[in-house]
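Take a look at the structure set out below.
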Number of protein chains: 2
Amino acid sequence: MSNQEFVVLGQGGGPDACRPGLLAAPLAEDQAAELAKVFKALGDPVRLRLLSMIASRAGGEVCVCDLTPAFELSQPTISHHLKLLREAGLIASERRGTWVHYRLLPEMTDRLAGILTRTAGQPLHDSGEVPA
Amino acid sequence: MSNQEFVVLGQGGGPDACRPGLLAAPLAEDQAAELAKVFKALGDPVRLRLLSMIASRAGGEVCVCDLTPAFELSQPTISHHLKLLREAGLIASERRGTWVHYRLLPEMTDRLAGILTRTAGQPLHDSGEVPA
DNA sequence: GGCTTGTATCGATGGGTTTCGATTCAGTGT
DNA sequence: ACACTGAATCGAAACCCATCGATACAAGCC
């Protein structure tokens with residue numbers, strides 16, 4: 001059996017430790033747990049639409065009062081989804097007077113994009129077997 | 001029953017020529033639903049580690065017999081997670097003799113990276129960043 | 001054919017998630 | 001102070017998911 005162990009790099013460093021990305025080296029357990037929280041926040045169609053509405057809005061900010069009526073869901077439900085996105089570090093909220101405004105935190109989406117991007121030194125291995 | 005559903009993203013009706021990404025325009029409902037399936041597949045620490053093990057392995061393929069003992073989980077559980085990653089279009093499997101080998105489908109991770117990447121024409125609306 | 005090993009599927013279960021109505025909190029205006 | 005509106009929090013109910021043991025399927029070996 002080709003039972004070859006996966007060496008897990010013991011870098012339990014802070015949240016801004018060196019990140020080689022998903023595709024370069026096996027993820028450590030704690031890194032995987034931390035990342036999974038963010039991806040789980042993206043794993044819901046309502047939250048994805050909320051995030052895209054916030055991120056694509058000219059001016060960078062959206063009032064909750066504009067988001068809630070865009071769905072056929074109750075106000076507490078939208079508030080709950082926004083909370084999950086906020087706890088995942090994807091958005092931030094600010095209250096200005098009566099209304100609460102949300103904005104994208106691009107550091108997180110940048111980080112995810114980097115994690116999912118092949119590095120130049122990572123060859124592709126799939127020479128010839130890709131179906132279409 | 002073996003519906004190896006290859007999730008096709010953002011295909012409203014044409015080839016993927018215009019895919020603005022999450023951050024450029026609000027997602028349509030069906031696009032969000034399909035994208036959410038893939039992110040949901042990534043929203044589990046075990047699946048993230050499995051994917052990173054598969055993606056980072058030199059040669060591009062990993063035998064299940066190497067993946068299963070790397071976790072303190074039962075063999076059916078690992079098989080279940082691999083199935084979800086496969087149905088999300090992130091990996092593919094091939095049986096060669098006794099063993100089954102998995103490999104990354106880089107089109108999907110590439111697509112996700114693109115979706116999470118700010119386009120150059122999409123400025124950042126710099127506002128006061130961290131609430132000092 | 002039987003035996004052994006590797007992998008996938010099945011059925012059940014405990015825990016988590018989505019959603020709601022009701023309530024509470026925050027801010028504005030009267 | 002009171003009333004009104006926008007948003008968050010609080011249970012609760014329906015649903016989904018991760019995990020397991022048991023079982024079935026696949027391939028090689030005796």
Side-chain angles (χ1 to χ4, degrees), chain A residues 1-4 29 32-51 53-54 61-88 90-103, chain B residues 1-5 29 32-51 53-54 61-88 90-103 131:
Chain A
M1 320 321 175
S2 55
N3 196 351
Q4 186 173 337
E29 228 169 307
E34 185 189 346
L35 249 186
K37 285 185 207 161
V38 188
F39 281 123
K40 191 180 297 184
L42 295 174
D44 182 278
V46 175
R47 289 195 288 272
L48 274 183
R49 290 179 62 199
L50 283 169
L51 187 70
M53 285 176 176
I54 295 169
E61 288 196 343
V62 189
C63 177
V64 179
C65 59
D66 287 339
L67 294 172
T68 303
F71 299 83
E72 299 191 357
L73 293 170
S74 69
Q75 175 267 323
T77 298
I78 299 298
S79 187
H80 168 68
H81 285 304
L82 288 171
K83 180 182 182 180
L84 291 187
L85 287 172
R86 189 163 18 96
E87 290 176 346
L90 287 161
I91 58 176
S93 65
E94 182 190 356
R95 174 160 224 139
R96 279 203 307 269
T98 302
W99 293 282
V100 176
H101 296 255
Y102 278 84
R103 73 172 190 279
Chain B
M1 197 195 313
S2 62
N3 59 344
Q4 173 152 350
E5 44 177 308
E29 211 165 340
E34 295 176 31
L35 245 189
K37 283 186 209 162
V38 187
F39 280 123
K40 191 179 296 183
L42 295 174
D44 182 279
V46 174
R47 287 195 290 271
L48 274 182
R49 291 179 62 201
L50 283 168
L51 187 69
M53 286 176 176
I54 294 169
E61 289 195 343
V62 190
C63 177
V64 179
C65 60
D66 287 339
L67 295 172
T68 304
F71 298 83
E72 298 191 357
L73 292 170
S74 69
Q75 175 267 323
T77 298
I78 299 298
S79 187
H80 168 68
H81 285 305
L82 289 171
K83 179 183 181 179
L84 292 187
L85 287 172
R86 191 166 15 100
E87 289 176 346
L90 286 160
I91 58 176
S93 65
E94 182 191 357
R95 177 159 221 137
R96 281 207 303 272
T98 303
W99 293 284
V100 175
H101 297 257
Y102 278 85
R103 72 172 193 276

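Here is the naming used below: chain letters follow the sequence lines, and residue numbers restart at 1 for every chain. Note that these values count all heavy atoms, side chains included, but never hydrogens, waters or copies made by symmetry.
- The CD-C1' distance, from B:Glu94 to C:dT7, rounds to 15 Å in whole Å.
- Take A:Glu87 and apply the salt bridge (Lys or Arg N to Asp or Glu O under 4.0 Å) test, not counting sequence neighbours, and it matches no residue.
- Considering only side-chain N and O atoms, A:Ser74 lies under 4.0 angstrom from the phosphate OP1 or OP2 of C:dC20.
- Heavy-atom minimum distance, B:Ala41 versus B:Ala88: CB-CB, 3.6 Å.
- B:Met53 approaches B:Ala70 most closely through the heavy-atom pair CE-CB, 3.7 Å.
- To the nearest 0.5 Å, atoms CG (B:Asp44) and CG (B:Leu85) are separated by 8.5 Å.
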Just do the side chain to side chain contact (heavy atoms under 4.5 Å, CB included) check on A:Arg47 and A:Leu42 with the steps written out, would you?
-> CA-CA 6 Å; A:Arg47 289 195 288 272; A:Leu42 295 174; over 6 Å; no
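- Direction change of the helix axis from one end of the helix from C:dG1-D:dC30 to C:dT30-D:dA1 to the other is 10°, with five pairs defining each end axis (rounded to 10°).
- Note on A:His81: a side-chain N or O is less than 4.0 Å away from OP1 or OP2 of C:dT19.
- One distance of note links CG of A:Leu84 with CZ of A:Arg86; it measures 9.0 Å at 0.5 Å rounding.
- B:Thr68 is linked by a side chain to side chain contact (heavy atoms under 4.5 Å, CB included) to B:Val64, B:Gln75, B:Ile78, counting only residues two or more places apart in sequence or in another chain.
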Which parts of nucleotides 5-12 of chain D does protein reach within less than 4.0 Å, heavy atoms only, written one letter per nucleotide 5' to 3' as B for base, S for sugar-phosphate only and - for none?
-> -BBBB---
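- Computed from coordinates, the B:Arg96 CZ to D:dG28 C1' distance equals 16 Å when rounded to whole Å.
- Rounded to whole Å, the distance from CD on A:Glu72 to C1' on C:dT19 is 14 Å.
- Going from atom CG of B:Leu50 over to atom CG of B:Leu90 covers 11.5 Å, rounded to the nearest 0.5 Å.
- At most 12 non-hydrogen atoms from other residues, nucleotides or ligands lie less than 6.0 angstrom from CD of B:Glu29.
- Expressed to the nearest 0.5 Å, how far CG of B:Leu67 lies from CZ of B:Arg49 amounts to 10.5 Å.
- A:Leu67 comes within contact range of no nucleotide atom at all, as no heavy-atom separation falls under 4.0 Å.
- Applying the side chain to side chain contact (heavy atoms under 4.5 Å, CB included) rule to B:His101 yields the partners B:Glu61, B:Cys63, B:Arg96, B:Trp99; only residues at least two apart in sequence or on another chain are considered.
- Taking atom CZ of A:Phe71 as the reference point, atom P of C:dT19 lies 10 Å away to the nearest angstrom.
- For the contact set between residues 39-51 of chain A and DNA chain D, defined by any heavy atom under 4.0 Å, there are no members.
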